[in-house]
J.: 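A single structure is presented below for examination.
Heavy atoms only: backbone and side chains are in, while hydrogens, waters and symmetry mates are out. Heads up: numbering here begins at 1 and tracks the sequence.
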Amino acid sequence: MNGIRLTAFIWLVLIAFALPAYADISPNPATKHTIQENARWLKILPFADEQDFKDAAKGFIAPLPNNGIIKDAKGNTVWDMQAFQFILKQKKAPNTVNPSLWRQMQLVMQGGLFKVCDRIYQIRNADLSNMTVIEGDTGIIVIDPLISAETAKAALALYFEHRPEKPIKAVLYSHSHVDHFGGVRGIIDEKDVRDGKIKIIAPEGFTEAAVSENVYAGNAMSRRATYMYGNLLPPSPEGQVGAGLGTTTSTGTVTLILPTDLITKTGQKMTIDGLDFEFLLAPGSEAPAEMHWYIPQLKAVSAAENCTHTLHNTYTLRGAKIRDPLAWSKYLNETIEMWGKDAEVLYAMHHWPVWGNEAVIKDLKMARDGYRFINDQTLRLANMGYTPDQIAEQVHFPEALQQHWAMRGYYGTVYHNVKATYVFYLGWFDGNPSNLHVLPPVEAAKRYVKYMGGAEEILTKARKAYENGEYRWVAEVCNHIVFSDPSNKDARKLVADALEQLGYQSESGPWRNFYLTGAQELRNGIEKLPAPQTASPDFLLAMKTTMLLDYLAIRINPERSAGKDMKINLALTDTSEQYVLDLHNSTLSHYKGADKDAVVTVNMTRDVLNRIFLRQTTVPEAIKEGEIALDGDPQKLKDLIAMMDTFPFWFNIVTPNAPLPKQ
């Protein structure tokens with residue numbers, strides 16, 4: 001089972017490469033067209049409105065310790081805001097950064113300990129997300145303990161430096177993404193949870209969502225996320241400036257302690273250390289399991305990650321199941337109906353709060369209207385016969401939403417959210433039969449290049465288009481040359497140059513990172529760093545055995561398994577689980593029980609199975625050590641393992657992968 005990847009459970013931890021490494025690149029300056037395009041933003045957006053800067057600084061108590069550098073027990077840096085200090089050194093955006101994104105990242109960089117209101121504090125920019133501390137009557141309640149144990153520990157230590165050191169009475173997970181629970185073991189001991197001293201409260205469906213959202217496509221998601229979060233890019237005005245939602249992601253120890261208390265319905269109330277919480281479930285919004293809440297004594301409302309200071313993703317570019325913008329909008333409307341009359345502060349799991357009932361309602365309504373607009377306008381135009389590409393070019397927010405900073409596309413964009421909404425309702429096919437069975441990229445590219453007169457003819461025309469600032473077209477047309485002949489250095493260079501200018505112009509942090517990382521890999525190739533190892537015992541223990549067996553089935557190679565039918569019994573001796581693995585028609589199904597016709601029975605503990613998945617041992621090693629006992633033909637187990645693919649992490653994205661053998 002060598003090579004099994006449970007990258008899965010976590011969509012962000014994939015960034016935990018051993019250490020960030022940056023290719024030796026020489027980026028181009030911004031062209032005159034990029035400078036003109038970026039200057040245009042200064043005229044169309046309300047840069048004179050600096051309320052966000054006042055709000056981001058409000059309640060400031062202390063900066064992050066050690067100049068924003070956090071290290072693990074071995075002295076390795078897991079969080080480094082020193083590398084991003086260049087963002088704060090000049091108010092005016094450099095020519096290579098969209099001024100709207102530059103403004104956003106200057107706000108995001110306002111880190112440290114802040115007082116939100118009486119009894120609510122936040123530690124910001126100690127990781128991608130915020131950690132919130134609420135002071136109860138006898139202790140504290142911690143909300144969303146970041147990605148890594150190290151950053152969470154440092155954040156809590158900063159809080160305790162300036163506030164009374166009281167015991168943690170409860171931890172709340174607002175939703176099922178790793179940047180909102182991964183650091184939990186940095187602030188609490190699981191024994192205190194088992195002993196009932198600390199509650200862990202989460203929305204219904206949290207555990208399944210936390211460990212399963214990305215399991216089956218985890219390798220592909222993780223590779224694509226190396227583009228999305230820009231961790232292969234050097235922090236600089238020509239490289240990584242942030243992700244819009246936050247600066248970047250920490251690279252420490254990711255953990256999980258399972259919830260003790262679930263919120264199962266909207267309107268559910270719970271008193272936690274003297275404070276009354278009222279909850280609203282928001283499944284299928286920004287996360288599969290998410291919740292909002294209100295504390296009436298403090299007149300404080302949180303919509304978790306459903307209302308922050310950016311338009312969010314209804315589809316994330318790393319790849320994931322598409323989210324429902326209509327449901328998202330309705331949850332925000334329900335939040336207004338339930339608590340809007342009295343709320344005086346709105347705080348989120350990213351960015352900074354807003355204060356005053358008018359501002360709270362405005363932000364909630366703008367977000368509500370934005371996601372509803374994306375949903376409704378996509379469907380309006382789809383019902384008029386327009387295709388996803390056409391709709392995405394036509395849908396633009398109305399003026400009020402365009403001018404509302406908190407709905408600008410720093411993380412999600414209207415363009416890619418609209419395309420996602422089309423697929424959410426209608427799937428990938430646009431209805432045009434010419435697009436029903438198109439040629440694969442390499443084969444199509446070779447024909448395009450031939451039809452257009454060959455690579456040199458295309459490059460001659462594309463260079464003129466580049467000089468005219470037609471970067472989208474240059475990238476599109478020259479991509480055909482790259483896919484028809486990846487060794488064509490001139491084509492690779494021109495596509496890279498075009499992508500680079502598109503990155504400089506992007507308001508979205510992830511778009512910028514995708515463009516610039518693509519440019520870097522076209523110029524320098526893929527630098528194969530140590531691949532992310534995001535599996536951890538915490539997550540494996542939370543996963544059902546059936547999920548692990550489903551993952552094995554995904555790895556079955558149809559050529560190597562063709563015509564090979566067999567049944568294998570799996571008996572987990574410590575959990576008394578028994579499964580039959582049934583290989584038939586190159587598919588590996590499983591069901592509970594044992595089959596008398598099985599060719600071999602594999603006896604092991606679930607702990608050994610976990611260690612195999614963690615790559616702490618292998619099947620042959622476990623057999624040799626007596627940790628696996630076989631009853632039957634041992635060769636059959638070896639045969640099954642030989643049928644499984646190992647997924648390469650550093651697969652090509654901006655150049656073609658090697659073709660698979662024809663079936």
J.: Report the residues that fulfil ring pair (Phe, Tyr, Trp, His ring centres under 6.0 Å) with Tyr371, sequence neighbours left out, ordered by chain and then residue number.
T.: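 Counting only residues at least two positions away or on another chain, Tyr371 forms a ring pair (Phe, Tyr, Trp, His ring centres under 6.0 Å) with Trp328.
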J.: Could you work out, with ring pair (Phe, Tyr, Trp, His ring centres under 6.0 Å) as the rule, every residue matching Trp41, not counting sequence neighbours?
T.: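 If we apply the ring pair (Phe, Tyr, Trp, His ring centres under 6.0 Å) test to Trp41, skipping adjacent residues, there are no hits.
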J.: Name all residues meeting the ring pair (Phe, Tyr, Trp, His ring centres under 6.0 Å) criterion together with Tyr415; count only those two or more places apart in sequence or in a different chain, and write none if there are none.
T.: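 Expected list: Trp511.
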J.: Decide if the gap between the ring center of Trp405 and the ring center of Phe47 is smaller than 6.0 angstrom.
T.: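 Ring centroids of Trp405 and Phe47 are less than 6.0 Å from each other.
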J.: Who pairs with His33 by side chain to side chain contact (heavy atoms under 4.5 Å, CB included), at least two apart in sequence or on another chain?
T.: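 Only Thr31, Gln36, Tyr471 meet the side chain to side chain contact (heavy atoms under 4.5 Å, CB included) criterion with His33.
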J.: For Asp52, give me all partners under salt bridge (Lys or Arg N to Asp or Glu O under 4.0 Å), at least two apart in sequence or on another chain.
T.: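 Applying salt bridge (Lys or Arg N to Asp or Glu O under 4.0 Å) to Asp52 gives Arg103.
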J.: Apply salt bridge (Lys or Arg N to Asp or Glu O under 4.0 Å) to the pair Glu334 and Lys330, showing each step before the final yes or no.
T.: CA-CA 6 Å; Glu334 197 171 359; Lys330 289 186 174 183; over 6 Å; no
J.: For Pro94, which residues count as a side chain to side chain contact (heavy atoms under 4.5 Å, CB included) partner, sequence neighbours excluded?
T.: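 For Pro94 the side chain to side chain contact (heavy atoms under 4.5 Å, CB included) partners, ignoring immediate neighbours, are Gln90, Thr96, Val97, Trp102, Pro237.
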J.: Salt bridge or not for Glu37 and Arg472, using N-O below 4.0 Å?
T.: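 Here Glu37 does not pair with Arg472 in a salt bridge, since their nearest N and O are not under 4.0 Å apart.
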J.: Taking salt bridge (Lys or Arg N to Asp or Glu O under 4.0 Å) as the definition, give me every residue that meets it alongside Lys362, ordered by chain and number, with sequence neighbours left out.
T.: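 Residues passing salt bridge (Lys or Arg N to Asp or Glu O under 4.0 Å) with Lys362: none at all.
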J.: Mind checking what makes side chain to side chain contact (heavy atoms under 4.5 Å, CB included) contact with Pro288, not counting sequence neighbours?
T.: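 Per chain and number, Pro288 pairs via side chain to side chain contact (heavy atoms under 4.5 Å, CB included) with Ser176, His177, Ala209, Glu213.
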J.: As an exercise, state the distance from CG of Leu401 to CG of Asp369, rounded to the nearest 0.5 Å.
T.: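 Atom-to-atom, Leu401:CG and Asp369:CG are 6.0 Å apart.
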J.: With no hydrogens and no angle check, just 3.5 Å: does a side-chain donor-acceptor pair link His292 and Thr335?
T.: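 His292 vs Thr335: donor-acceptor pair found between side chains.
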J.: Quick one: list whatever passes side chain to side chain contact (heavy atoms under 4.5 Å, CB included) with Lys365, sequence neighbours left out.
T.: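 By the side chain to side chain contact (heavy atoms under 4.5 Å, CB included) rule, Lys365 matches Ile336, Ile361, Arg368.
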J.: Going through the distances and angles, do Asp144 and Ser129 end up as a side-chain contact (heavy atoms from CB on, under 4.5 Å)?
T.: CA-CA 8 Å; Asp144 287 5; Ser129 51; 5.6 Å; no
J.: Does some side-chain heavy atom of Arg124 sit less than 4.5 Å from a side-chain heavy atom of Gln110?
T.: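 With C-beta onward as the side chain, the pair stays apart.
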J.: What about Tyr448 and Phe483, are their ring centers closer than 6.0 Å?
T.: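 No, they do not, as the ring centres are separated by 6.0 Å or more.
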J.: With Tyr227, which residues qualify under ring pair (Phe, Tyr, Trp, His ring centres under 6.0 Å), at least two apart?
T.: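 Expected list: Phe514.
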J.: Salt bridge (Lys or Arg N to Asp or Glu O under 4.0 Å) with Lys419: which residues, sequence neighbours excluded?
T.: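 Lys419 satisfies salt bridge (Lys or Arg N to Asp or Glu O under 4.0 Å) with Asp389 only.
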J.: What residues, two or more places apart in sequence or in another chain, satisfy salt bridge (Lys or Arg N to Asp or Glu O under 4.0 Å) together with Arg408?
T.: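 Counting only residues at least two positions away or on another chain, Arg408 forms a salt bridge (Lys or Arg N to Asp or Glu O under 4.0 Å) with Glu507.
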J.: How long is the span from the CZ atom in Arg318 to the CG atom in Asn313, to the nearest 0.5 Å?
T.: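 Going from CZ on Arg318 over to CG on Asn313, the span is 8.5 Å.
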J.: With a 6.0 Å cut-off (strictly less than), is the heavy-atom count around CD of Glu208, excluding the residue itself, greater than 12?
T.: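 It does not: Glu208 CD has 12 such atoms or fewer within range.
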J.: What class does the angle between the rings of Tyr411 and His312 fall in, given that below 30° is parallel, 30 to 60° is tilted and above 60° is perpendicular?
T.: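 Aromatic pair Tyr411/His312 classed perpendicular.
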